[in-house]
Each structure stands twice: as C-alpha cells, then as structure tokens.
Amino acid sequence: MLTQIITRAIRRYLVGSRQEFIFKPIDDIKLPSIEKIDMYIHIPFCKNKCPYCPYNKIMYDKKLTELYLKAILTEIEQYYNRLGRIKITSIYIGGGTPTNLIDELGVILERIRDRFIITGNICIETTPSDLNKETVSKLVSYGINLVSLGVQSFNNEYLQLIGRNYKASILYPVIELLSSSNFESINIDLMFALPGQTVEEVILDLKKAISSGVNQITLYPLFTFPYSTVGKYLNLKRVKMPNIITRKSMYYAIHDFCIDNGFKRVSVWGFNRGEFPRYSSVTRDNYIGFGAGAGSHISKTFYLNTFSVKEYIKNCFNEKLPVALKMDFTDSMTRYYWLYWRFYDTYIPKGQLFELFGKNDKNIQLLLWLINILKLGEEDEENVFLSKKGAFWLHLIQNYFVLNYIDKIWSVAMKKPWPDEIRI
Ligand code: SF4
C-alpha cells in the first residue's frame, strides 16, 4: 500500500499528469511507417515450472507447439503486411524456454529473413538441460550469435531450492560446448539473494562462472521479480530472503569481484569482459514482440499481446493481431521510459538527456544534483556514470516503482485473456 502511494506520487511529480496509466482493449492496430525496429520472440513452453517464475509460460505440449508455430508465422505475416520489408536491427528470443522448440526456431527465423532484412545480432536464452551437440549446432546454423545460459547457481542445494531440473555437474560440459561453438558472446545468468545464501556462496558461484571462460555474467537478485510471485514462492518454501543490507553487501561484493577480475559493468546486473558484444535482453527501445504475452513498443504506443496461448493461436488463425491491450505514451512518459533504461545501463549520455528534457528541466537538474550530492555517480563531459552505490540504490527505487505496475498488469493479463481496461 505504502509503495503504491509513493510510486503514484513520484509518477505524478515526474510525468506531470494527474492522469493514470491506462491500458485499453484494442481491436486492431494502425502502425506508423518505420524503417527499422528491434524484435522479440516469446516461446512460452517449459518442461519445468520453476516456482518463483513470474513469466508467461505453460507446460510443454507437442500438439500445442505445432499450432503455436503456425500462429507465430501468421503474426509475422500480419506485421509484414503492415510494415513491409523493413530492417530488423536485433532479435531477442526469450520465454519460457525457447530451446524447447529448437526446430521450430529455425522455421521462425527463416520466415523473418524472408520477410524482413536482419541487420543486427540474434540473441537467445537457453537452459542447460536442453543443450547438447545437436541443439547447439542448430542454434549456430540459424545465425544466432549471442547466447545466454540460465545457470542460476553452481550449487546443487540452491538449484534444488529454486526448482531447477538439472545438477551442477552438467554445467561445465555445457559451457564448454557453447564456448567451442561459433558464438560471438556467451552470457551466464546467475541468481543471488537466494533464501539463506551467504556472500561467500555468491562469490564462489561467481568464481566458477569466471573460471568457465564466459565473457559476460549477469547476476539477478531474486527481488527483481514481481513481489507477489516471490511472496508466494517464499511462503511455499517457508524461507526468508536476505534483508536489504545483506543484498546490498552482496551486490557490492559482486561488483568489486567482477571489476577486480577484468570485467566491465555493462548494466546494473551485467558484467562483460569488455572486448565482446554485450548480451542484453531488455534495453531495447522500439520493438515488435511476437508470441503470447509479448509486448511491443512502436513509436509512442505500447501494445500487449494476449497472455493466453490458446487465445493467441485462435486469434492469429483468424488473421487478427493478438493484441489485447495498448497504452499511448505521452511525450513525458516517452522521455522517462528512455531515462529508465539509461539507469539500467548505469550511464546517461548528457547530450541525449538535455536534448530530450531540455538543459534547464527542473526534474533533471534536481536528479543530477542528487546524484552528485549523494555520491550516486559522477559526470564527465559526455556522460553521467552511476557509482556502485548509485547503481544499487537507483535501480532498487526504479525497480520497486516499475514492478508495481508490471505486477498489476501481468496478474490481470494472466487471469483474463482479453482484459478490460487496466488503470494503474
Ligand atoms: S524460470 Fe525459465 S524455465 Fe523456469 S519456469 Fe520460468 S521460464 Fe520456465
């Protein structure tokens, strides 16, 4: 309740509107003419349901996956008919577990290549239990060049606690297999701030990740997931999460360890060896999302597909776009959306900042003053860089702020395939 009041007050102050954020039902979408855009593909099928997971997913079902493939191809066609052969500046494939549909991914990417011009990286999330010589060589043959492996932990006790369906012993051979294939960058996802976990255990996981030779490591704390999902999970397990002070010391220890070992911070949670391309799942600005529950941000409108896999398929087969909700961004919201992702990157290009907000914008002046006075970051001629302290605290505030909204929208969208208006 208190968080809601605070977030609403911050929003009204920043966005400068008494109007609520409103997601409205929609029949069809009219797209502006664009030359290029990023792309997201959502594969919602999992063979394992991790208890803390808030993402839109369902259990793997062979028959349903066949229909889902046809539906995605129809959705791609729908966008092609509206936008023409535009440039696709990057593709990100997430889920669910994309590698559960390994052959279907080849068909989807081939169709995208037929209809659009791919000019950037193709990234995919993978899970250790799905990877073997055959699946990895298929990913390479599809032109996927950046890969992320959802390791989560090298400790069997924690893998079991978070309900992962593999043992730590398979992780090194899988990482070796990826490293010996032709990917330009390999990222490992690790989780920290797990119930009962100590700083020493987090660093031990990190040492193992670094010694495996991967070029990027992304460490997510459990608390970045929507509260209700984590809350249910913790009740289920009857365990407590580390408090905020412990989480902060974990983050600081991770930060220092990565920097001392030659890694560079590339986002709040991500550290890269430097000379390799950055694997990034979320920092895209304008993108089209395909699949059940996928979001799209096109020009100044955010669209959300129906979360129901069956309704998604039905709608695509009726040659309609499966968009359930849309929200039009005001200019002010668009600016803060941009700033949100720069905080996530942990640096803000000053030229773009002043161009978007104006050099004398009172909120930006206040923000820069606070960053400076509270030692949350420092500036040079071109950028404002967040310090370790700034990266942790600013993202924490931002995270609570945004998760309030995501949590509300997702929980409604998961219950109702075609929700009524959602006001937040
Ligand atoms: S964490 Fe990944 S594998 Fe586990 S249920 Fe969620 S999407 Fe599926």
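Given the structure is predicted, the values throughout are model-derived calculations rather than measurements. In each ligand, atom 1 is the first atom listed, and ligand 1 is the first ligand listed.
- Under a 4.0 Å N-O distance rule, the pair Glu134/Lys138 qualifies as a salt bridge.
- At a threshold of 4.0 Å, the pair Lys208-Asp205 does not count as salt-bridged, since none of the basic side-chain nitrogens sits closer than that to a carboxylate oxygen.
- Comparing Gly163, Gly96, Pro44, Ser129 by heavy-atom distance to atom 7 (S) of ligand 1, the nearest is Gly96.
- Near Arg164, meaning under 4.0 Å from one of its heavy atoms, ligand 1 places the atoms 1 (S), 3 (S), 4 (Fe).
- Near Thr97, with a cut-off below 4.0 Å to any heavy atom, the atoms of ligand 1 are 3 (S), 8 (Fe).
- Applying the 4.0 Å criterion to heavy atoms of Asn48 picks out, from ligand 1, the atoms 5 (S), 8 (Fe).
- In the model, Asp331 has no side-chain atom that pairs as donor or acceptor with a side-chain atom of Thr334 under 3.5 Å.
- The six-membered or imidazole ring of His297 lies near that of Phe329, with a centre-to-centre distance under 6.0 Å.
- The proximity of Thr127 to ligand 1, defined as any non-hydrogen pair under 4.0 Å, does not occur for either the backbone or the side chain.
- Taking a cut-off of under 4.0 Å to the non-hydrogen atoms of Cys53, the atoms of ligand 1 that pass are 1 (S), 5 (S), 6 (Fe), 7 (S).
- Using a 4.0 Å cut-off between a side-chain N of Lys or Arg and a carboxylate O of Asp or Glu, Lys87 and Glu35 do not qualify as a salt bridge.
- A salt bridge between Lys314 and Glu311 is present, with a side-chain N of the basic residue lying under 4.0 Å from a carboxylate O of the acidic one.
- The protein non-hydrogen atom at the shortest distance from atom 8 (Fe) of ligand 1 is Cys46 SG, 2.3 Å.
- Distance check for Cys50 against atom 8 (Fe) of ligand 1: none of its N/O/S atoms falls below 2.8 Å.
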